[in-house]
Amino acid sequence: MVQKKMVAMILAGGRGSRLYDLTKKIAKPAVNFGGKYRIIDFALSNCANSNISTVGILVQYESVLLNSYVARDYLWGLNMAGGGVYVLPPREKDKEGFDIYEGTANAIAQNIDFLDQTDADYVLVLSGDHIYKMDYEDMLREHIETGAAATIAVIQVPMKEASRFGIMNCDENDNIIEFEEKPANPKSDLASMGIYIFDYKLMRKYLVADTKDKNSSHDFGKDIIPDYLRDGKRLHAYRFKGYWKDVGTIDSLWEANMDLLDHKDLLDLFDNEWKIYSEDPMTAPQVIGETAEVNEAYITTGCYVDGKVNHSVIFTGSRIEKGAVVSDTVLMNNVVVGEGAKLERCLVMNDVKIPANAHFGDKNGDKILLVTPEMAEGK
């Protein structure tokens, strides 16, 4: 049912500036995660597992690597006849002559002709930079049953954190009656996950009208959803009860990696019923050396460990030399930790070489240290 009626549009064009050096040269959805994955693997795998065969990827900033990656739609089983993954760059230019999406709603509006060609009844709008597993088929089923014009996925968050999110205030039937964007004094704990299902014909009308509004910021949360509410359209809140994390900062990306160790039951990457698909780097097996000590770690293929690893996630091809200590740390791809070096509460970028006997991070620090190549070289 779903694959014939619903098309997914993944917003993957954000700058990711709060990830600093990690997104200097690549888009945030292409950042590595969990040893062998990229962040966008989760949204794409959710689509594949939910029987959605047509997926548009809306790209913008530093998109070269992301373009080449998602174009290999066979990685997620999305290369079937009548479907596939379509890379959709912006087509309009700003006043300085650059191609640009001016907001989340504008990104979809610029691709109305693509959606028209798919003959979709429903459009699923997603972010490409969240870590979670969700059955979009269940969400669509609830959308149809409630007769909503749009359905928004929500998740309960602690009230003390609610002011960081767009908050949905609902009645007893989970009809959304008010939307508050990052309110100082939130009225509820239902945070928008940035996942929407729209009836396409009605959505199309609102998007066309929004493009003509010079006062609009062309954003779903700030403009389209409030317009639906103003006009009395029925909006439904779909309550999601699984694991979900927005990995927009160094700390949140580190936390999501640590959750692979601390919350295995919520983010189970060994679940054969709901696989997270990715590229296979075809590396050698991991090697645990004679002097290695490993305690609660996630170690990917191609790694060589001869030092001590405690409560850490080690990505593909990394090497930890004799006498080195890696604790509460994420090592991205092909990191080398020299003999006697010590890392605590760090996130280390791809290809960094930590000198022998160097010490980075603080086990009692409030923030996670991002270790860059320049930092490791003492620059």
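Hydrogens, waters and symmetry mates play no part in the numbers below; they use all other heavy atoms, side chains included. Here the structure is a predicted model, which means the values were calculated and not measured.
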Spatial distance of atom CG (N46) from atom CG (L126) [nearest 0.5 Å] = 8.0 Å
inquiry  = Distance alone, cut at 3.5 Å: any donor-acceptor contact between the side chains of H311 and D262?
reply    = yes
query = How far apart are the C-alpha atoms of V335 and R319, what are their side-chain angles, what is the distance that settles it, and do they pass the side chain to side chain contact (heavy atoms under 4.5 Å, CB included) test?
reply = CA-CA 6 Å; V335 172; R319 186 178 184 94; over 6 Å; no
message = Could you check whether any side-chain N or O of S278 sits under 3.5 Å from a backbone N or O of K36, counting only pairs where one atom can act as donor and the other as acceptor?
response = yes
task = Provide the closest heavy-atom pair for L58 versus A107 in the form atom of the first, atom of the second, distance.
result = CD2-O, 3.1 Å
K133 bridged to D268 by N-O distance under 4.0 Å = no
task = Could you tell me whether the side chain of S318 and the main chain of M332 form a donor-acceptor pair under 3.5 Å?
result = yes
remark   = Residues A109 and T211: closest non-hydrogen pair is CB-CG2, 3.6 Å
inquiry  = So which atom in G338 and which in A324 form the shortest heavy-atom distance, rounded to 0.1 Å?
reply    = O-CB, 3.4 Å
task = Verify, without hydrogens or angle tests, whether D306 (side chain) and T291 (backbone) share a donor-acceptor contact under 3.5 angstrom.
result = yes
key: Within-4.5 Å side-chain heavy-atom neighbours: S188 and M168   = no
query = Taking D171 for the side chain and N175 for the main chain, is one N or O donor matched with an acceptor at less than 3.5 Å?
reply = yes
Exam field: side chain T372 to backbone M349, donor-acceptor pair closer than 3.5 Å = no
inquiry  = Can you tell me if K24 has over 12 outside heavy atoms packed within less than 6.0 Å of its NZ?
reply    = no
ask   = Is there a path of hydrophobic side-chain contacts, each under 4.5 Å between heavy atoms of I, L, V, M, F, W or Y residues, that connects V64 with L22?
value = no
ask   = Is N350 reaching over with its side chain to a backbone N or O of N333, donor-acceptor style, under 3.5 angstrom?
value = yes
key: Expected output: side-chain T54 to main-chain G84 donor-acceptor under 3.5 Å   = no
Cationic N near anionic O, under 4.0 Å, R230 to D227 = yes
request  = Could you tell me whether the side chains of N364 and R345 share a donor-acceptor contact shorter than 3.5 Å?
outcome  = no
Residue of the set L253, T329, V313 for which side-chain contact (heavy atoms from CB on, under 4.5 Å) holds with M258 = V313
inquiry  = Measuring only between side-chain heavy atoms, which start at C-beta, is N32 closer than 4.5 Å to T316?
reply    = no
message = Contact between V125 and L11 at the side-chain level, heavy atoms closer than 4.5 Å - yes or no?
response = yes
task = For the pair V31 and I26, evaluate side chain to side chain contact (heavy atoms under 4.5 Å, CB included) and give the outcome as yes or no after the intermediate values.
result = CA-CA 7 Å; V31 169; I26 64 173; 4.1 Å; yes
request  = Step through the shown structure and confirm whether more than 12 heavy atoms of other residues, nucleotides or ligands are within 6.0 Å of NZ on K322.
outcome  = no
query = What are the two closest heavy atoms between P186 and S163, and how far apart are they?
reply = CG-N, 4.2 Å
ask   = Given the rule in the side chain to side chain contact (heavy atoms under 4.5 Å, CB included) test, do F33 and L260 qualify, once you have shown the distances and angles that lead to the verdict?
value = CA-CA 10 Å; F33 173 80; L260 295 172; 4.3 Å; yes
request  = Any chance you could lay out the side chain to side chain contact (heavy atoms under 4.5 Å, CB included) test for R91 and N111, step after step, and finish with the verdict?
outcome  = CA-CA 9 Å; R91 307 179 200 181; N111 291 285; 3.0 Å; yes
ask   = Is there a side-chain contact between I288 and I299, using heavy atoms and a 4.5 Å cut-off?
value = yes
query = Taking the side chain from Q60 and the backbone from Y101, do they hold a donor-acceptor pair closer than 3.5 Å?
reply = yes
key: Atom CG of N173 with >12 non-hydrogen neighbours under 6.0 angstrom   = yes
query = With under 30° as parallel and over 60° as perpendicular, where do the rings of W244 and H130 fit, or are they tilted in between?
reply = perpendicular
message = I'd like to know whether CG of D113 has more than 12 heavy-atom contacts from other residues, nucleotides or ligands below 6.0 angstrom.
response = yes
ask   = Looking at the rings of Y69 and W76, which for Trp means the six-membered one, are their centres under 6.0 Å apart?
value = yes
Worked verdict on Y200 versus D116 for side-chain hydrogen bond (donor to acceptor under 3.5 Å, both in side chains) = CA-CA 9 Å; Y200 177 54; D116 287 344; 2.8 Å; yes
query = Considering only heavy atoms from C-beta outward, does the side chain of R164 approach that of V157 to under 4.5 Å?
reply = no
ask   = Going only through I, L, V, M, F, W and Y residues with side-chain contacts under 4.5 Å, is there a path from V287 to L331?
value = no
remark   = Between the NE2 atom in H218 and the OG1 atom in T104, the distance rounded to the nearest 0.5 Å is 10.5 Å
key: Test item: N49 side-chain N/O and D135 main-chain N/O as donor-acceptor pair under 3.5 Å   = no
Distance-only polar pair, side chains of D251 and T249, donor-acceptor under 3.5 Å = no
ask   = Under a 4.5 Å side-chain heavy-atom rule over Ile, Leu, Val, Met, Phe, Trp and Tyr, are L267 and W254 clustered together?
value = yes
key: Flag for D231-Y206: side-chain donor and acceptor within less than 3.5 Å   = yes
ask   = Does the ring center of H143 lie less than 6.0 Å from the ring center of Y122?
value = yes
note = d(L44 CG, I39 CD1) to nearest 0.5 Å is 12.5 Å
request  = Taking the side chain as every heavy atom from C-beta outward, state whether L65 and R38 have any atom pair closer than 4.5 Å.
outcome  = yes
task = Any chance you could measure N295, atom CG, to N310, atom CG, to the nearest 0.5 Å?
result = 5.0 Å
request  = Assign the ring pair F198 / Y228 to parallel, tilted or perpendicular, where the plane angle (0 to 90°) is split at 30° and 60°.
outcome  = perpendicular
task = Would you give the length of the straight line joining atom CG of L75 to atom OH of Y277, rounded to the nearest 0.5 angstrom?
result = 11.5 Å
ask   = Looking at K233 and D199, does any basic side-chain N land under 4.0 Å from a carboxylate oxygen?
value = no
key: In one Ile/Leu/Val/Met/Phe/Trp/Tyr side-chain cluster, 4.5 Å: I144, I195   = yes
task = Compare all side-chain heavy atoms of F165 with those of I155 and state whether any distance is below 4.5 angstrom.
result = no
ask   = Should N257 and Y298 count as side-chain neighbours, where that means a heavy-atom distance under 4.5 Å?
value = no
ask   = Under 4.5 Å between side-chain heavy atoms, hopping through other hydrophobics if needed: is there a path connecting L78 to Y37?
value = no
remark   = CD1 (I354) and CZ (F360) are apart, to the nearest 0.5 Å, by 5.0 Å
message = Quick one: does any side-chain atom of E344 pair with a main-chain N or O of V325 as donor and acceptor, under 3.5 Å?
response = no
